[in-house]
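All remarks here apply to the structure that follows.
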Protein chains: 2
Amino acid sequence: MSAQPLDSSEHRSGALLDHLARRMRLRSESVLAPLGLRPRHLVALTVLRAGGGTGQQALATILEMDSTNIVGLLNDLEAKQLIERRRSPEDRRRHVVELTEDGAKRLSEAECALASAEDEVLGALDPAERETLYKLLSRASTGTAVNCTEAICVADDTC
Amino acid sequence: MSAQPLDSSEHRSGALLDHLARRMRLRSESVLAPLGLRPRHLVALTVLRAGGGTGQQALATILEMDSTNIVGLLNDLEAKQLIERRRSPEDRRRHVVELTEDGAKRLSEAECALASAEDEVLGALDPAERETLYKLLSRASTGTAVNCTEAICVADDTC
DNA sequence: AGGGATCGTTCGTGAAGCACCAACTATTTA
DNA sequence: TAAATAGTTGGTGCTTCACGAACGATCCCT
């Protein structure tokens with residue numbers, strides 16, 4: 001699928017993506033530590049916010065992680081009461097994972113805390129460009145557009 | 001520097017960046033293996049192509065890696081004759097690192113080989129959007145625009 | 001009711017990436 | 001000459017991660 005041949009000018013984003021993600025992650029770690037979160041957790045929470053109510057096998061597919069490793073990740077998050085696992089009524093084998101209120105709040109806090117990190121890494125881009133970047137990344141990461149009705153960053157003082 | 005306060009709508013790209021980079025990296029590894037390269041090598045080569053002729057300490061700063069680990073990375077690349085270390089005439093302590101012809105060629109090959117991976121990961125974006133993404137990432141990663149006079153993918157059959 | 005498949009879970013193992021420290025050489029600079 | 005800098009080497013330990021094996025619970029099909 002998607003055998004669309006690109007034009008002659010080949011601009012591969014892979015390495016750049018990797019590079020920027022690394023730089024972002026390095027800064028994120030120190031900022032996120034006081035919140036008890038790690039970059040991976042952030043990714044998971046973000047995905048959950050975007051497409052909540054997924055079983056954790058589906059989550060494993062989205063995050064492209066081994067399902068056994070998903071368990072540990074979710075254990076962390078559940079211990080902190082940022083997510084909830086509920087058994088699906090339709091299929092009681094299934095654990096439906098959802099963000100709790102605390103989780104959404106913590107995610108917003110984390111995003112606020114990351115503002116300075118992002119300013120550093122994306123310093124060369126103006127706000128409009130960052131918004132464009134966000135939209136592109138968002139579309140790419142979910143395959144479908146993520147409706148932006150969340151994350152108003154109501155949280156605390158740091159913002 | 002860059003204490004520009006963002007507007008009210010908070011869209012943090014960090015997690016998405018991480019997510020996409022991971023997906024890309026997973027696919028890249030298998031594709032790159034036959035070329036004897038790893039994603040990290042690709043990143044280094046890409047940075048070198050963009051801002052060649054840097055000392056390796058500067059490289060460490062750009063890549064935000066420990067300089068001791070840079071050495072190993074460059075050793076790999078030099079052993080494959082993809083880069084050259086030359087002593088700077090001005091400061092003979094310094095090793096100026098530059099892409100060799102082989103290196104540029106190999107990089108192009110690698111980028112071609114990554115086309116399918118990128119198609120998968122960025123499948124939701126059309127070519128114009130990918131180009132936009134590339135430009136944004138490129139600007140962000142170097143701080144300044146990268147002149148796009150390279151990587152015409154002259155290489156081989158796979159492209 | 002029985003049998004096979006599926007979801008989540010736990011445990012363990014091994015490889016890889018990476019930060020960090022310490023020591024050394026060659027070279028520049030004060 | 002002494003101190004600082006660029007690169008190199010070697011080692012140590014932490015963390016992440018993929019992968020395998022086994023298990024209970026549950027669904028689905030016959």
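Computed over heavy atoms, backbone and side chain alike; hydrogens, waters and symmetry mates excluded. Chain identifiers are assigned alphabetically (A, B, ...) following the order of the sequence lines, protein sequences preceding nucleic acid strands; residue numbering begins at 1 within each chain.
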Are any of the side-chain heavy atoms of A/D18 and B/R25 separated by less than 4.5 Å? yes

Of all heavy-atom pairs between B/H41 and B/G36, which one has the smallest distance, and what is that distance? ND1-O, 4.4 Å

Grab the two heavy atoms, one from A/A140 and one from B/A124, that are nearest each other, plus how far apart they are. CA-CB, 4.3 Å

Whole angstroms only, please: what is the [atom1]-[atom2] distance between [X] and [N]?
{"X": "B/R94", "N": "D/dG7", "atom1": "CZ", "atom2": "P", "value": "7 Å"}
{"X": "B/E84", "N": "D/dG7", "atom1": "CD", "atom2": "C1'", "value": "17 Å"}
{"X": "A/E78", "N": "C/dT9", "atom1": "CD", "atom2": "C1'", "value": "12 Å"}
{"X": "B/L26", "N": "D/dC19", "atom1": "CG", "atom2": "C1'", "value": "14 Å"}

Give a yes/no answer on whether the side chain of B/R25 brings an N or O atom under 4.0 Å of OP1 or OP2 in D/dT16. no

Taking only N and O in the side chain of A/H95, is any of them less than 4.0 Å away from OP1 or OP2 of D/dA25? no

Summarise how protein sits on nucleotides 24-30 of chain C as a single string, 5' to 3': B when a protein heavy atom is under 4.0 Å from the base, S for sugar-phosphate-only contact, - for no contact. --BBS--

Listed by chain and number, what are the side chain to side chain donor-acceptor pair (under 3.5 Å) partners of B/R92, not counting sequence neighbours? none

Under 3.5 Å side-chain donor-acceptor pair for A/R87 and A/H95: yes

Using a cut-off of strictly less than 4.0 Å between a heavy atom of the residue and any atom of DNA chain C, enumerate the qualifying residues of residues 57-75 of chain A by number. A/Q57, A/T68, A/V71, A/N75

Sequence neighbours excluded and cut-off under 3.5 Å, please list the side-chain donor-acceptor pairs for residues 60-67 of chain A, or say none.
unit_1: A/T61; atom_1: OG1; unit_2: A/Q57; atom_2: O; d: 3.1
unit_1: A/E64; atom_1: OE1; unit_2: B/R27; atom_2: NH1; d: 3.2
unit_1: A/E64; atom_1: OE2; unit_2: B/R23; atom_2: NE; d: 3.1
unit_1: A/E64; atom_1: OE2; unit_2: B/R27; atom_2: NH1; d: 2.8
unit_1: A/E64; atom_1: OE2; unit_2: B/R27; atom_2: NH2; d: 3.3
unit_1: A/D66; atom_1: OD1; unit_2: A/T68; atom_2: N; d: 3.0
unit_1: A/D66; atom_1: OD1; unit_2: A/T68; atom_2: OG1; d: 2.7

Return the set of residues passing side chain to side chain contact (heavy atoms under 4.5 Å, CB included) with B/Q81 (not counting sequence neighbours), or none when no residue passes. none

Which residues pass the salt bridge (Lys or Arg N to Asp or Glu O under 4.0 Å) test with B/R38, sequence neighbours left out? none

Contact nearer the 5' end of DNA chain C, comparing A/R22 with A/Q56: A/Q56

